[in-house]
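Naming convention: chains lettered A, B, ... in sequence-line order (proteins, then strands); numbering from 1 in each chain.
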Amino acid sequence: MSDQAPSSGNGEDKFLVVSNIEVIYDHVILVLKGVSLEVPEGGVVALLGANGAGKTTTLKAISNLLRAERGEVTKGSIRFKGESIAKRSPNDLVQRGIVQVMEGRHCFEHLTVEDNLLTGAYTRKDGREAIQSDLDLVYSYFTRLKERRKSQAGYTSGGEQQMLSVGRALMARPSVILLDEPSMGLAPQLVEEIFEIVKRLNENEGVTFLLAEQNTNVALRYAKYGYILETGRVVMDGDAKTLSENEDVKEFYLGISGERRKSFREIKHYRRRKRWLA
Amino acid sequence: MSGEALFFLEVVISGLMAGVMYALVALGFVLIFKASGVLNFAQGVLALFAALALYDFIAPGGWVDDLFGFTFPIWAGIILTVGVMIIVAWLIERLVLQHLVQQEPIILFMSTIGLAYILEGVGDMLFGSDVKPLDIGIPQGASDWLLDNYGLYVEKLEVFAALTAAILVIVLAVFFQKTRIGRALRAVADDHQAALSVGVSLRTIWVIVWSVAGMVALVAGIMWGSKSGIQFSLSLIALKALPVLILGGFTSVPGAIIGGLIIGVGEKVAEVYLGPYVGGAIENWFAYVLALVFLFFRPQGLFGERIIERV
Ligand SMILES: Nc1ncnc2c1ncn2[C@@H]1O[C@H](COP(=O)(O)OP(=O)(O)O)[C@@H](O)[C@H]1O
Ligand SMILES: [Mg+2]
């Protein structure tokens, strides 16, 4: 894939397009202030930003898990394969091929690993055999899960739970997975392992990924395109390569600086001043 | 067997039968609580309502008889009543739960108290409040076989009730463990958000779980109605279900059953053997005292779901 920058056009034939959305929680808390982004079919797009920037909210706006949190998209539009999906139920969206893997894994703790996976196929109507063959497919990507298929999910390790939640999403045969902070709380080696699997799923199974990450370093190595979110706004976007070479990104998100590393407070101050001047 | 032992056995068995009733009502509680976190105060009234509906489909002098001059056969009456309970579940979701989804548990609990009164009122209005004998052909009287061979006096109805309850529990267990919907119900019980994220519609699940609770209530209503007639006191066994739940744990199906049996047997045995020393009526408060003791020593109940904690 050469160029994944948002192309202009009427947006009819595009895969997933979020245009200028505003999200309000509890009718008063304005969290997203006009976020736009685009995910091409077959792409891996990273949504970056610090804690509280609005990454989860953006993903939940797309999957419409927002409503269960008293959140609401009050402006803008979300289109998937040319159709507006802002008012669709999560159940409907899963059937259309959009599945979110929530931050903090959210496995069904008292269900076995295999029952967790089968729950992922809840909305499917293509029969037992198709589901069984996808189960085998998931086990072929996550061999550890196969070993632990009969264990209660609550007793598996953090890494296994992260794999389980991705595997469970796969069981719905999604065309796009919204993956929220897969690296959270995992050892670097495991993070790498999970991102490798994401890459293979993308290349071999054609699954599109929109992933929210605070771990900018890893995310930019695996994604092709990235958006950086700050307090509910996209402040920068570009090819993963371009972003990782950008001086500001290096300084604020990759922790690499030409001079000495700045303290968090200085960075914040600097950033504020910079935005003021911009 | 000596006369003493035989008598003790009879006491235990009659306690077990009362326990089956408590267990059935508690089971309805647990199902709804697990799936929606709602403590359903109306479970007892649901049993009353189901029994009344059944009565009116099949009994001479019931509604259908009055209006159309015929009665349904028992099997058809049961199917129709199941239909009524599904409609009731659907209405409850539509009119009540759907609007309170995001509210505090206490608000949902209070809404079920309101629901209990509405159901009771509607039941009263539609079906009248006099005691109605429910006869669906369950054998009555003592089991001759047990009496002849072992000298044991046990009501056939009670044996029938116990067997039916056992079958019901097995059917439910298979439903929960082996079916797609059953799995989704367990998933919802574990994590609402995650269930939503894989495309489970909570509203559908709630209608299903209230329907299932309605059917369990129907079985309880049939048993109780066959034994003592359909009457208001049926809705009061919901109050006995509370100590059962404290004993068995609010989220455990086996807990509801075993808790129900323990309380049923416990209060009968206490009544017969301790009653004379304290002036009787132990049956009325035994369950609550036992529950209180449990609250002190094992607040999660006998089978309360273990909270999985990881580091
Ligand atoms: N359910 C909610 N109700 C109110 N505010 C919320 C809710 N969820 C998130 N927020 C707020 O929205 C902002 C963005 O949160 P979030 O989308 O979770 O950010 P991120 O995923 O980037 O860490 C935060 O300030 C957070 O406090
Ligand atoms: Mg987040």
Supply the atom-to-atom distance B:S197 OG to A:M102 CE, rounded to the nearest 0.5 angstrom. 4.0 Å
Give the C-alpha distance, both sets of side-chain angles, the deciding distance and a yes or no for side chain to side chain contact (heavy atoms under 4.5 Å, CB included) between A:R128 and B:R180. CA-CA 11 Å; A:R128 222 173 258 266; B:R180 168 176 160 272; over 6 Å; no
Does atom OH of B:Y117 have more than 12 heavy-atom neighbours, drawn from other residues, nucleotides or ligands, at distances under 6.0 Å? no
Measure distances from A:L111 to the heavy atoms of chain B and classify the residue's part below 4.5 Å as side chain, backbone, both or neither. both
Nearest heavy-atom contact between B:L196 and A:P90 is O-CB, 3.8 Å
Within 6.0 angstrom of B:R183 CZ, more than 12 heavy atoms from elsewhere: yes
Minimum heavy-atom separation for B:V198 to A:Y122, with atom names? O-CB, 4.5 Å
With a distance cut-off below 6.0 Å to the six-membered ring centre and an angular limit of 45° from the axis, does B:R186 pair with A:F108 as a cation-pi contact? no
Which atom pair, heavy atoms only, marks the closest approach of B:D190 to A:E109? OD2-N, 2.7 Å
Is chain B contacted by the side chain of A:T119, its backbone, both, or neither, given a heavy-atom distance below 4.5 Å? both
Flag side-chain contact, heavy atom, 4.5 Å: A:H106 against B:H192: no
Best-contacting candidate, A:D115, A:T123, A:L178, against chain B by heavy atom pairs under 4.5 angstrom: A:D115
So does B:V200 get a backbone contact from the side chain of A:N91, meaning a donor-acceptor N/O pair under 3.5 Å? no
